[in-house]
Amino acid sequence: MKKVSSFICMGLIALSCSGERASDLVSQDFSFADKQLRYALTEVENVRNSLGKTPEELPSPRNIQADGSLRLVRARDWCSGFFPGELWYMYEYTRDNFWKEKAEFQTELLEPLKSYKGTHDLGFMLYCSYGNGYRLEQSEKYKQVLLEGANSLASRFNPVVGCIRSWDHNGDKWEYPVIIDNMMNLEYLFWATKASGDSTFYKIAVTHADNTMKNHFRKDYSSYHVIDYDTITGNIRNKHTHQGYAHESAWARGQAWGLYGYTMCYRETNDRRYLKQAEQIASFIFNHPNIPSDLIPYWDYNDPEIPASPRDVSAATITASALYELSTFSDKGKQYKEWADTILKNLTESYMVSLNQGYGFLLRSSTGHKPAGTEIDVPIVYADYYFLEALTRKKNLEK
């Protein structure tokens, strides 16, 4: 297997080793985001008005559709929390009250989700929005919304299975589906224990992480997308994909979710099993024979159409953000940071949307659900969210 380090030219290594030049990239990208997201706010309002909808009905942008139109989604869409999260990252970087006011407005459109028990994605929906707001402003109101939402998320835990149920759809196919994406929602539960003093949330998160580590991963540390459990026995019924190329393939964003999730679990627990798991997932990704030289992965590592396959920029931004954090825990930290720096540099040079174009999205070429023929090689909101998070982590790490 070829080593990714052979792809990294001396110029990229020099960039990652130069604090001054690296901070220039962060400054450059946030300067672009400041302009582009102001444009996005205008575009979202214009499209919403053209549809005759209110902010409460369609609060958040999700992606550009195949016909070139902007897709706005309701609060219960799993992507609704990313746009307000982006605005909170803009406020964190700039300390401009313009961004605080916009972030508060977009965040508070999602308050009804606190009592919604129909999804595992409350971490994405509430913790990326209200969670970032609370982290920055310590609002008691936000804390109470978050704690109620955490109880709603915890209600989806089944102690027989030992995991939080992901989806309620496709009942003809799965009895109790758990997807690798669900690792991302555990951070919300870890926070809830610290905020409330109730260890129930922590115990659910750890149990879910342990069972996912046991059942979702292959011997090479790639992960399945969907594990379907029997609710009576807790046994595995199926190991499937839903958004990947095949049941036995390595869907790129799924690998990124796993890397991020186990890095975060190590931060929250200091359990070195999670650190080892994150390191092994990183090794799988960056030693894979189909990783491109620019480190922006194809949508699935096993798609036989590679190199003609679409990329998934969202997998790259999630991975970069995870690597910056993982670099602070691991003795392989220098390599992890170099990979993350390379990803951000290449995104900045080759994958940015033009200023005041593309409805204000930041990055192009994400792939959401290729098997369904949707969100293929287009801007998607969560790619932008994790891009800003990765930039923030890079800035804080180098400072």
Side-chain angles (χ1 to χ4, degrees), residues 25-26 28-51 55 58-74 77-91 93-94 98-99 102-103 105-107 109 124-125 128-129 132 252-253 256 294 296-297 299 310-321 343-370 374-392:
L25 182 138
V26 172
Q28 170 190 331
D29 286 346
F30 267 107
S31 177
F32 169 76
D34 190 281
K35 299 180 183 72
Q36 189 75 339
L37 287 172
R38 289 173 191 266
Y39 176 69
L41 288 165
T42 300
E43 289 292 276
V44 167
E45 184 177 5
N46 289 341
V47 171
R48 191 188 287 131
N49 289 340
S50 74
L51 296 172
L58 291 176
S60 301
R62 174 165 169 165
N63 63 281
I64 295 180
Q65 303 189 95
D67 64 3
S69 63
L70 175 64
R71 181 185 180 190
L72 299 178
V73 293
R74 62 179 186 155
D77 186 274
W78 78 274
C79 294
S80 63
F82 294 117
F83 188 62
E86 287 184 72
L87 305 183
W88 283 116
Y89 278 124
M90 290 306 303
Y91 173 61
Y93 183 80
T94 66
F98 170 85
W99 293 115
K102 296 300 183 182
F105 176 77
Q106 289 292 146
T107 294
L109 294 172
F124 290 132
M125 298 151 82
C128 291
S129 56
N132 275 311
R253 195 162 67 252
D294 67 359
I296 312 304
W299 75 283
R311 303 294 184 98
D312 185 9
V313 159
S314 74
T317 62
I318 297 159
T319 296
S321 185
I343 290 170
L344 291 192
K345 180 179 184 295
N346 288 328
L347 289 173
T348 300
E349 291 183 348
S350 303
Y351 292 87
M352 301 288 270
V353 175
S354 297
L355 184 63
N356 293 337
Q357 299 293 321
Y359 297 99
F361 285 96
L362 305 181
L363 296 167
R364 62 175 180 85
S365 299
S366 288
T367 298
H369 196 344
K370 191 173 185 296
T374 62
E375 299 178 328
I376 300 172
D377 194 23
V378 295
I380 303 178
V381 68
Y382 44 83
D384 293 355
Y385 173 87
Y386 288 104
F387 180 57
L388 294 183
E389 182 181 85
L391 289 167
T392 300

Peer 1: If you measure from CG on Asp77 to CZ on Arg62, what distance do you get to the nearest 0.5 Å?
Peer 2: 4.5 Å
Peer 1: Is Ser50 reaching over with its side chain to a backbone N or O of Val47, donor-acceptor style, under 3.5 angstrom?
Peer 2: yes
Peer 1: Taking Tyr39 for its side chain and Asn356 for its backbone only, find out whether a donor-acceptor pair lies under 3.5 Å.
Peer 2: yes
Peer 1: Counting only N and O atoms by type, is there a donor-acceptor contact under 3.5 Å from the side chain of Ser129 to the main-chain atoms of Gly81?
Peer 2: no
Peer 1: Enter the distance from Cys79:SG to Tyr385:OH here, rounded to the nearest 0.5 Å.
Peer 2: 12.5 Å
Peer 1: Determine, for Tyr351 and Arg311, whether the Lys NZ or Arg CZ falls below 6.0 Å from the six-membered ring centre while staying within 45 degrees of the axis.
Peer 2: no
Peer 1: Drop me the distance from Ile376's CD1 to Ser365's OG, to the nearest 0.5 angstrom.
Peer 2: 12.5 Å
Peer 1: Between atom OG1 of Thr319 and atom CD1 of Ile296, what is the distance when rounded to the nearest 0.5 Å?
Peer 2: 9.0 Å
Peer 1: Walk me through it: do Leu388 and Leu37 pass the test side chain to side chain contact (heavy atoms under 4.5 Å, CB included)?
Peer 2: CA-CA 12 Å; Leu388 294 183; Leu37 287 172; 4.1 Å; yes
Peer 1: Indicate yes or no: at least one non-hydrogen side-chain atom of Thr392 is less than 4.5 angstrom from one of Tyr93.
Peer 2: no
Peer 1: Within the distance-only criterion (no hydrogens, no angle test), does the side chain of Gln36 pair as donor or acceptor with the backbone N or O of Ser354 below 3.5 angstrom?
Peer 2: yes
Peer 1: Determine whether Val313 and Phe387 satisfy the following criterion, side chain to side chain contact (heavy atoms under 4.5 Å, CB included), listing intermediate values before the conclusion.
Peer 2: CA-CA 9 Å; Val313 159; Phe387 180 57; over 6 Å; no
Peer 1: Taking all atoms of both residues into account, what is the closest heavy-atom pair of Lys345 and Leu25, and its distance?
Peer 2: CA-CD1, 3.8 Å
Peer 1: What are the two closest heavy atoms between Ala315 and Ala256, and how far apart are they?
Peer 2: O-CB, 3.6 Å
Peer 1: Just by modelled atom types, is the Ala103 backbone N or O under 3.5 Å from a matching donor or acceptor in the Thr107 side chain?
Peer 2: yes
Peer 1: Do any N or O atoms from the side chain of Asp312 and from the backbone of Gly368 form a donor-acceptor pair under 3.5 angstrom?
Peer 2: no
Peer 1: Do Leu41 and Leu87 touch side chain to side chain, with heavy atoms closer than 4.5 Å?
Peer 2: yes
Peer 1: Do the non-hydrogen side-chain atoms of Lys102 and Phe83 ever get within less than 4.5 Å of each other?
Peer 2: no
Peer 1: With heavy-atom distances below 4.5 Å as the criterion, would you say the side chains of Glu375 and Ser366 are in contact?
Peer 2: no
Peer 1: Are Pro61 and Leu70 close enough that some pair of their side-chain heavy atoms sits under 4.5 Å apart?
Peer 2: yes
Peer 1: Taking the six-membered ring for Trp, are Tyr89 and Phe30 closer than 6.0 Å centroid to centroid?
Peer 2: no
Peer 1: Do you know which two heavy atoms are closest between Arg74 and Ser80, and how far apart they sit?
Peer 2: O-CB, 3.8 Å
Peer 1: When you measure from the side chain of Arg48 to the backbone N and O of Leu58, does any donor-acceptor pair fall under 3.5 Å?
Peer 2: yes
Peer 1: Between Asn132 (side chain only) and Trp88 (backbone N and O only), is there a donor and an acceptor less than 3.5 Å apart?
Peer 2: no
Peer 1: For Ile318, is there any backbone N or O sitting under 3.5 Å from a side-chain donor or acceptor partner on Ser321?
Peer 2: no
Peer 1: What heavy-atom pair brings Asn63 and Ile380 nearest, and what distance separates the two atoms?
Peer 2: CB-CG1, 4.1 Å
Peer 1: Determine whether Leu109 and Pro55 make a side-chain contact, defined as any pair of heavy atoms from C-beta on separated by less than 4.5 Å.
Peer 2: yes
Peer 1: Distance from Thr348 atom OG1 to Leu362 atom CG, nearest 0.5 Å?
Peer 2: 10.5 Å
Peer 1: Please check this pair: side chain of Glu86 against backbone of Tyr382, looking for a donor-acceptor N/O pair closer than 3.5 Å.
Peer 2: no
Peer 1: On a heavy-atom basis, which atom in Ala383 and which in Leu363 lie closest, and how many Å separate them?
Peer 2: O-CD1, 4.0 Å
Peer 1: State, yes or no, whether a side-chain contact exists between Asp34 and Trp99 at a heavy-atom distance under 4.5 Å.
Peer 2: yes
Peer 1: So how far is it from Ser350 OG to Arg364 CZ, rounded to the nearest 0.5 Å?
Peer 2: 7.0 Å
